[in-house]
Structures are given as structure tokens and as C-alpha cells.
Amino acid sequence: MNFQHLTYWQDKARDIAIETRLFINGEYSDAADGSTFETLDPGAQQTLANVARGKKADVDRAVQAARRVFDDGDWSQASPGQRKAVLSRLADLMERHGEELALLETLDTGKPIRHSLRDDIPGAARALRWYAEAADKVYGEVAPTGHHELAMIVREPIGVVAAIVPWNFPLLLACWKLGPALVAGNSVVLKPSEKSPLTALKLAALAKEAGLPDGVLNVVTGFGHEAGQALARHPDVEVMTFTGSTRTGKQLLKDAGDSNMKRVWLEAGGKSANIVFADCPDLDKAVSATAAGIFYNQGQVCIAGTRLLLEESIADAFLSRLQEQARAWQPGNPLDPETTMGMLIDNSHADAVHTFIREGSQKATLLIDGRKNPWPAAVGPTIFVDVDPASPLCREEIFGPVLVVIRFKTEEEALRLANDSDYGLGAAVWTRDLSRAHRMSRRLKAGSVFVNNYNDGDMTVPFGGYKQSGNGRDKSLHALEKFTELKTIWIALES
Ligand code: NAD
């Protein structure tokens, strides 16, 4: 990994070639009506590019291309070995173009270059490679029937998948969906967020270079209420896989119901509880994981540990160490490899986070206030203590580096507070008591429970939520279930 210096990235940023057109049926093209929208660099506070604004006509064309190649079988009927080779080549190409992809991601989102280089791009390539390797390792079943019949249970690709993704980890989250969808043999129309469309467009060219047949991966950039909605209501899209807000997720369920009852898989919002008991085995580790769990990616992480639940007897000691630790997370130039905290996605999101802080501070105590810094799109680490669990600070997803702290006295109280949320994406428990760790893990209503860590994991484990955090799971072999039909073939045998 080449972190280099600020000037290295500034020079590269000046020269970078940016693709701005839709990618449909293996070719770049403008939107049918020629319209575009601006994507901004929140660090430099300037327009980065004008990108094709795909609408219904473009979505129709992309879905048609995806359908045609699916029916032709160039990919849907390719052998698992062939799919594995193409997706592995794509992962190789992404690694080879790692610097360029990381730079695009940082310019488009304002996230620190060190994180794009270290986490986003390698993670995205790893996801594709992991599914590529799974291509020829997933078997069907033979049912235990009598001797006069044979029942085989096989998994088949479904058809056209629409993948709609958000802006917080644009390429990574796209690849969590593309990996299983493509390796299963489907065709995909990917719609990145209008706030971060650039790496998806670059990925499309790399996929073609890797040998993915035309039409198998299409990228339609544009707005949610235009391109997104056209996909959600399209009668020829069979699967919708989505990561984004709970509000949009609910709308997609309605659109699916009003159109063709396409399957809708949702990875949505979160308000995860991070619970530290007095018998936490390593307080320093818990403090630094807590800080990273809320400040990493400027707090724009669905599974961020936004609610810190501290056992009364250690609360003061923990908070004073946490304040110390927060100093390591201060907003800076995203292109500087030393920067650990970059920009929020744009100024209007920063304003929304400011509003939460301003209104929250009327009812709760602000231990650290991240509003004052020289960057218009940045908010620094912010910590509220003694917060009412019923307040918006505790219940709503702020999607910024804002931590709320609640004290508890008993295990039962901690569990009640943690589960008192509309969301259920993640939860963590810090304790050296194995029985308690196990008890809590089973009773916490969350898709992932972390014991003595926050948000560890890799491609082998499923990721997703309970309650209004979504349904289905990304990552692991479980994700393949979302992109395959289960078929029974029942054969009567002659005796
Ligand atoms: P968003 O819901 O506003 O947008 C997500 C995507 O949906 C974008 O591509 C957008 O254009 C599209 N979209 C918006 N309205 C649409 C519509 N009516 N029809 C079809 N598509 C539409 O979310 P966001 O602000 O981009 O992302 C932040 C949200 O994503 C947060 O709530 C966060 O928790 C969530 N998220 C969840 C996970 C997870 O795995 N659970 C991971 C990352 C982010």
C-alpha cells in the first residue's frame, strides 16, 4: 500500500480521468435526454464532475440489456469455473487500479485517503474474490426419497438484479452485492448514490476488461426518485438488493408490491448499542474500539456504535479516557495520508448533523462538541452524556460522529436499553464473564453481536439487521440465497 504524501495525492487528483457516462450493454453512453447532475468534492468544496443523469428510458435500456444476456446464457449458463476466472480477474484489476479507485472514492465522498486505500478498495476486491472462489464450491442436494424417485434440489440464477447502494462505502457495498449476484449467474443493473457515482463507473470498465460479457453489469447513475424508482417499479427486475436508509427501504417494499412483487433485500439504518460492563477485560481496548466504532468514516457507518451504555461504576473513568482518545480523530484534508477523519458527504448533511447537536444540547450535556472546525463539510467527534433514552438523540440515526452515552446499573437494564430501538443491526458487549457474554449475545436483538470487540468480521460472516435495519444478509455464503431460486426436480424412476 502506498500512502505517500499530501502533494502526491493533490498532483494525482489534478490529473485524474473521470468517467461520467452511463455504462449499458458494455458501452459508455450519455443519458437518453442528455441531462447530467453535479457530483461534488466535499473536501475542496467544488464540482468534481457532471455525471449522466439516468432516468426511466435509460433504466429500461439497461434492464433490457441485462435481460437479453441473461436469456442468451453467456453468463447465466457459463460454468462456475468460467465465472470464477472472470470475477477473479476483476478483483486483480481492482487491486491494480487501487490507487485510482481510492482517489476517486476520496474525492467523491471526502473520506480519508488512508481509509480508501486500506479499507474500501481492498475490501471491495476481496469481496469479489471471495465469491469468485465460492463459484465451484456450492453444491445442490439430493432429497432422501424412496427408491422409485429422485428429487434434486438445485440453486439457479434468478435473472435481472437491481442493486441500489448508498454513499458511505460506495464501491465496497456495491461489491458485497455484485459478488454473490454475479457469481450466481445473474445480470445486474447497479445504481450508485447520486452523491458518489464515480467508482461504480470505473468498475464497469474493469469488469469489461476482465471478460464479463456485455450486459451482465450495467451502471445507471442518477437520482433515487428517477433512476432508483424506475428500477424499483420495473416489471422485468426480479431482485432488488438495497443498502441505504430505512425510509427508502420502506418505499422499495411498496414499489415491489405495486409492480411485479420482485424480491426486496434491504440493508438499512442502525442505532447500535455498545455495552461496557465494569468487568471489561481491557478498558484501553474498549475505549479505542468505542472511538473507532463511532468516529471512523466520520460516523457515517450503518453499524456505528452510536449508543454507548456504560456501567455506572466505570463510567467516569471510561469517559475521561474516551475524551483523550477522541483527540486522535480530528477533521483534516481527506487527501492527506495522515488524516483520520475526513468530510461528511456534503454540507447539507453536515448541517443536518449540526441541527441534531444543537437541538440535543438543549436537553443533554455536551461533553465534546465537534461543530467548531475550519471545514464546511466536517463535524468533529461529538459526545453527549446523560441522554434521555426516549430523545431523538437516542432513537434516530444521525449518521455523523455523534456518540450518546447512557449509564446503567444492572445487566437487565443494559439489555432493556440496548433493545429499546427500532433498529437492530449491531451490538457489542464488553465483559470477562463468559456466561454473561453468552446470555447477552442471545438476548440482544441485533444481526451481529460483538463480544470484547466492536465490528470485527470478514467476508465469511453474514452482515445485516433485525427489525427496521433490514432483512436478508450481505457477505458469506448466506448472501447467495438472495440471488438464487431454489428448484426441486422430481424424477419418477422406472423400476
Ligand atoms: P438513501 O436511502 O437516501 O439512498 C440510498 C440509495 O437509494 C441511493 O442510491 C439513492 O439514490 C437511492 N434511492 C433514494 N430514494 C429512492 C427511491 N425512492 N427509489 C429507489 N432508490 C432510491 O441512503 P443514503 O443517505 O445514501 O445512505 C445512508 C443510509 O444507508 C443510512 O441510513 C445508513 O444506515 C444506511 N446504510 C446501511 C448499511 C447496512 O448494511 N445496513 C450500510 C451502509 C449504509
Side-chain angles (χ1 to χ4, degrees), residues 37 39 51 53-56 59 108-109 111 120 123 127 162-177 189-200 219-234 237 240-256 258-259 262 264-272 296-306 344-346 348-349 352-353 396-400 421-426 446-448 455 457 461-476 479 482:
F37 64 95
T39 186
V51 178
R53 181 171 173 170
K55 295 185 188 148
K56 185 171 179 307
V59 164
D108 215 5
T109 62
K111 65 172 65 199
D120 291 69
I164 299 186
V165 293
W167 44 260
N168 58 339
F169 296 95
L171 192 64
L172 180 70
L173 296 180
C175 288
W176 284 8
K177 315 230 178 257
V189 180
L190 170 64
K191 196 205 85 61
S193 167
E194 57 275 26
K195 298 181 181 183
S196 58
L198 301 182
T199 45
V219 180
V220 177
T221 48
F223 289 93
H225 66 279
E226 294 174 346
Q229 189 183 79
L231 280 168
R233 296 185 179 172
H234 204 290
V237 167
M240 163 79 55
T241 175
F242 167 80
T243 299
S245 63
T246 293
R247 188 170 45 83
T248 305
K250 289 180 180 180
Q251 182 60 46
L252 297 182
L253 289 168
K254 284 189 205 154
D255 288 338
D258 287 343
S259 55
K262 55 180 69 63
V264 181
W265 300 110
L266 305 171
E267 300 292 343
K271 193 77 187 175
S272 301
Y296 178 76
N297 210 40
Q298 302 66 250
Q300 303 165 127
V301 179
C302 51
I303 201 166
T306 45
L344 296 189
I345 188 68
D346 56 25
S348 76
H349 185 46
V353 174
E396 289 178 30
E397 189 182 39
I398 302 171
F399 225 53
S421 172
D422 291 338
Y423 299 109
L425 195 51
S448 298
N455 199 15
V461 295
F463 183 93
Y466 280 31
K467 302 192 264 182
Q468 293 185 39
S469 288
N471 59 11
R473 296 292 180 264
D474 278 340
K475 300 166 72 185
S476 83
K482 302 191 296 190

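First listed ligand is number 1; within each ligand, the first listed atom is number 1.
Other residues, nucleotides and ligands contribute only 12 or fewer heavy atoms inside 6.0 Å of the NZ atom of Lys56.
One N or O on the side chain of Ser272 and one on the backbone of Gly426 form a donor-acceptor pair closer than 3.5 Å. Not one N or O on the side chain of Ser476 forms a donor-acceptor pair closer than 3.5 Å with the backbone of Val461. Of the possible donor and acceptor atoms, one in the side chain of Lys262 sits under 3.5 Å from a partner among the backbone N and O of His234.
Residue Asp255 does not touch ligand 1, judged by heavy-atom distances below 4.0 Å. Proximity of Leu231 to ligand 1, defined as any heavy-atom pair under 4.0 Å, is not found for any part of the residue. When heavy-atom distances to ligand 1 are checked against a 4.0 Å cut-off, Leu252 comes that close only through its side chain, counted from C-beta outward. When heavy-atom distances to ligand 1 are checked against a 4.0 Å cut-off, Phe399 comes that close only through its side chain, counted from C-beta outward. Counting heavy atoms under 4.0 Å from ligand 1, residue Ala227 does not touch it at all. When non-hydrogen atoms are compared, ligand 1 lies under 4.0 Å from neither the backbone nor the side chain of Gln300. Neither the backbone nor the side chain of Ile303 comes within contact range of ligand 1; no heavy atom lies under 4.0 Å.
With hydrogens left out, the protein atom closest to atom 19 (N) of ligand 1 is Gly224 O, 3.4 Å, a heavy atom. In terms of protein heavy-atom proximity, atom 9 (O) of ligand 1 is nearest to Val165 O, 2.8 Å. Nearest non-hydrogen protein atom to atom 36 (N) of ligand 1 is Cys302 CB, 3.5 Å. From the protein, the heavy atom lying nearest to atom 25 (O) of ligand 1 is Trp167 NE1, 3.0 Å. The nearest heavy-atom contact from the protein to atom 23 (O) of ligand 1 is Ser245 N, 3.3 Å. Nearest to atom 43 (C) of ligand 1 among the protein's heavy atoms is Asn168 ND2, 3.2 Å. Protein heavy atom nearest atom 15 (N) of ligand 1, with residue, atom name and distance: Thr248 CG2, 3.5 Å. Given atom 20 (C) of ligand 1, the protein heavy atom at minimum distance is Gly228 C, 3.2 Å.
For a threshold of 3.5 Å applied to N or O pairs, the pair formed by Glu194 and ligand 1 contains at least one separation below that value. Close N/O approach between Ile164 and ligand 1 is not found [any backbone or side-chain N/O within under 3.5 Å]. In terms of polar-atom proximity, defined here as any N/O pair under 3.5 Å, Arg247 makes no such contact with ligand 1. In terms of polar-atom proximity, defined here as any N/O pair under 3.5 Å, Lys191 does make such a contact with ligand 1. Polar contact check, Pro166 against ligand 1: no nitrogen or oxygen pair lies under 3.5 Å apart. Here's the thing with Glu397: one of its N/O atoms is less than 3.5 angstrom from an N/O atom of ligand 1.
Contact atoms of ligand 1 toward Pro192: 9 (O) (distance under 4.0 Å to a heavy atom of the residue). Close approach of ligand 1 to Gln229 is summarised as follows: ligand atoms under 4.0 Å from at least one heavy atom of the residue are 19 (N), 20 (C). Residue Thr243 approaches ligand 1 through these ligand atoms, each under 4.0 Å from one of its heavy atoms: 5 (C), 36 (N), 37 (C), 38 (C), 39 (C), 40 (O), 42 (C), 43 (C), 44 (C). Near Phe242, with a cut-off below 4.0 Å to any heavy atom, the atoms of ligand 1 are 2 (O), 5 (C), 6 (C), 7 (O). Remark: ligand 1 atoms within the under-4.0 Å shell around heavy atoms of Leu173 are 42 (C), 43 (C).
Distance screen at 4.0 Å: atom 1 (P) of ligand 1 has a protein heavy-atom neighbour inside the cut-off.
Distance check: Lys250 NZ to Gln468 CD gives 4.0 Å after rounding to the nearest 0.5 Å. Atom CZ of Arg473 is separated from atom OG of Ser448 by 7.5 Å, given to the nearest 0.5 angstrom. In this structure, the separation between CD on Glu397 and CZ on Arg247 is 11.0 Å, given to the nearest 0.5 Å. Rounded to the nearest 0.5 angstrom, Thr199 OG1 and Asp108 CG are separated by 7.0 Å. Between Cys302 atom SG and Leu173 atom CG the span is 7.0 Å, to the nearest 0.5 Å. One finds the NZ atom of Lys111 at 12.0 Å from the CG atom of Leu344 (value rounded to the nearest 0.5 Å).
Between Asp474 and Lys177 there is a salt bridge, since at least one side-chain N of the basic residue sits less than 4.0 Å from a carboxylate O of the acidic one. A salt bridge links Lys195 with Asp346: at least one charged nitrogen is closer than 4.0 Å to a carboxylate oxygen. Look at Glu226 and Arg53 and you find a salt bridge, because one of the NZ, NE, NH1 or NH2 atoms lies within 4.0 Å of a carboxylate O, short of that distance.
The two residues Thr109 and Trp167 come nearest to each other via the heavy atoms CG2-O, 3.6 Å. Residue Glu267 comes nearest to Asn471 through the heavy atom pair OE2-O, 4.0 Å, listed as atom of the first residue, atom of the second, then distance. Residue Asn168 comes nearest to Val301 through the heavy atom pair ND2-CA, 4.0 Å, listed as atom of the first residue, atom of the second, then distance.
For an aromatic pair to be called close, the ring centres must be under 6.0 Å apart, and Trp176 with Phe463 satisfies this.
Using a non-hydrogen distance threshold of 4.0 Å, Ala268 registers as a contact of ligand 1. Ligand 1 lies nowhere less than 4.0 angstrom from a heavy atom belonging to Phe169.
For atom 30 (O) of ligand 1, the candidate residues are Gly244, Ser469, Gly249; the nearest heavy-atom contact is made by Gly244.
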